[in-house]
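See below for the structure under consideration.
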Amino acid sequence: MTGELQREMSFAVVAGQPLDAPPEDLYIPPDALRIFLETFEGPLDLLLYLIRRQNLDILGLPVAQIAAQYMRYIAMMHEIQMELAAEYLLMAAVLAEIKSRMLLPRAEDEAEEEDPRAELVRRLLEYARFREAAQNLDEMPRVARELYEFETPCAGLTIVKPLPRVELDEIVRAFREVLHRAVFHQRHEVAREPLPVRERITNVLQLLDGGGPVAFADCFTPQEGSAGVIVTFLALLELIKAGMAVVVQNSAYAPIYLRAA
């Protein structure tokens, strides 16, 4: 694993030239040697590389195999005297913990415990999506890299913008759209009843004030329409309910009369 990784990436850059192996007989001042990892930008990037390099299923992550390769990579970094970042060591601890949890037998009451690899798999999938999105953005054309702006003089150039032609069917279509929108702006006004029941009760009482019976039909004014007839009938019902008027009929199907109680 160490030799393969060494062949795939350079260890350092000295005076702009990459080195495939650390120098053995040449002294290089510390300020002239710069260690870099262009392939891996973090522990998740390294894990993703190890998984994809061997065509492994990320959902069924073989923790033991990946952890062993990861630790060999950490050992190789020690060999070239690279100062390890804390996050790389933290990921190594996480892999060791997951491996130990998978090796330990589970108790009966822990049968429904979540897979120890689930959180790491979720982080790897999320990182893979963000990395792919970043690569897609990086491949998009950029100004001053693939695209360059330039200007050209246009002296004496006359720009003519012809007016668009409007057909009759387009005008009709626009008119229909306006009519359709006008329906949503209609208003319904609720007006006060012009014939209040209380006022009609007073009129009926004045009609019955003579003392004699009054024919039922004489209490209504047909010229007022159906609204006036309904209001008058409601006024008669209120007077009969309150005991202020009495309905009289001499026989069946005989005319109905009203008189004051």
Side-chain angles (χ1 to χ4, degrees), residues 44 58-60 98 101 106-134 136-137 140 160-261:
L44 290 177
I58 192 172
L59 297 179
I98 295 176
R101 290 175 59 187
R106 296 184 180 181
E108 296 181 356
D109 55 349
E110 298 179 356
E112 301 297 331
E113 184 181 0
E114 186 180 10
D115 192 337
R117 302 170 296 179
E119 178 63 21
L120 180 59
V121 170
R122 183 192 63 79
R123 293 175 58 187
L124 283 171
L125 292 175
E126 184 178 5
Y127 177 79
R129 288 196 299 267
F130 278 96
R131 180 179 178 180
E132 183 178 359
N136 294 335
L137 289 176
M140 295 178 62
V160 179
K161 295 182 179 180
L163 297 177
R165 296 183 56 185
V166 182
E167 303 295 338
L168 179 60
D169 57 344
E170 297 180 0
I171 299 177
V172 174
R173 189 184 308 110
F175 177 68
R176 290 177 180 175
E177 293 178 357
V178 173
L179 288 179
H180 180 69
R181 293 197 302 268
V183 176
F184 299 99
H185 295 278
Q186 292 181 353
R187 295 182 300 174
H188 175 69
E189 297 183 1
V190 179
R192 187 175 181 180
E193 178 60 45
L195 300 173
V197 178
R198 184 178 301 275
E199 182 179 348
R200 189 51 54 95
I201 291 175
T202 303
N203 296 338
V204 174
L205 288 176
Q206 293 176 356
L207 184 63
L208 300 177
D209 195 27
V214 178
F216 182 79
D218 294 342
C219 297
F220 299 89
T221 305
Q223 291 77 8
E224 294 179 349
S226 59
V229 174
I230 294 173
V231 172
T232 302
F233 183 70
L234 293 176
L236 293 177
L237 294 179
E238 291 292 337
L239 290 174
I240 295 172
K241 178 182 178 181
M244 301 176 65
V246 179
V247 181
V248 180
Q249 188 178 30
N250 294 329
S251 60
Y253 303 107
I256 300 176
Y257 292 91
L258 288 92
R259 62 180 179 83

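Below, all heavy atoms of this structure are taken into account, side chains as well, without hydrogens, waters or symmetry copies. As the structure is a computational prediction, the values presented were derived from the model and not from experiment.
Remark: Leu207 CG to Arg200 CZ distance equals 11.0 Å, nearest 0.5 Å. Of the inter-residue distances, the one linking Leu258 atom CG with Leu236 atom CG reads 5.5 Å to the nearest 0.5 angstrom. Taking CZ of Arg176 as the start and CD1 of Ile171 as the end, the distance is 13.0 Å to the nearest 0.5 Å. Taking CD of Glu167 as the start and CZ of Arg173 as the end, the distance is 10.5 Å to the nearest 0.5 Å. Rounding to the nearest 0.5 Å gives a distance of 10.0 Å between CZ of Arg122 and CG of Leu124. Taking CG of Leu208 as the reference point, atom CG of Leu239 lies at 7.5 Å (rounded to 0.5 Å).
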Working note: Val197 + Ile201, criterion side-chain contact (heavy atoms from CB on, under 4.5 Å); need CA distance, chi angles, decisive distance, verdict. CA-CA 6 Å; Val197 178; Ile201 291 175; 4.2 Å; yes
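The backbone N or O of Ile256 sits nowhere less than 3.5 Å from a side-chain atom of Gln249 that would complete a donor-acceptor pair. A donor-acceptor contact shorter than 3.5 Å is absent between the side chain of Asp209 and the backbone of Leu205.
When every heavy atom of Glu170 is checked against every heavy atom of Arg165, the shortest pair comes out as OE1-O, 4.4 Å. Minimum heavy-atom separation, Phe233 to Phe220: N-CE2, 3.7 Å. The minimum heavy-atom distance between Cys219 and Val214, with the atom names listed, is SG-CG1, 4.3 Å.
Applying the 6.0 Å contact sphere to CG of Asn136 captures more than 12 heavy atoms from other residues, nucleotides or ligands.
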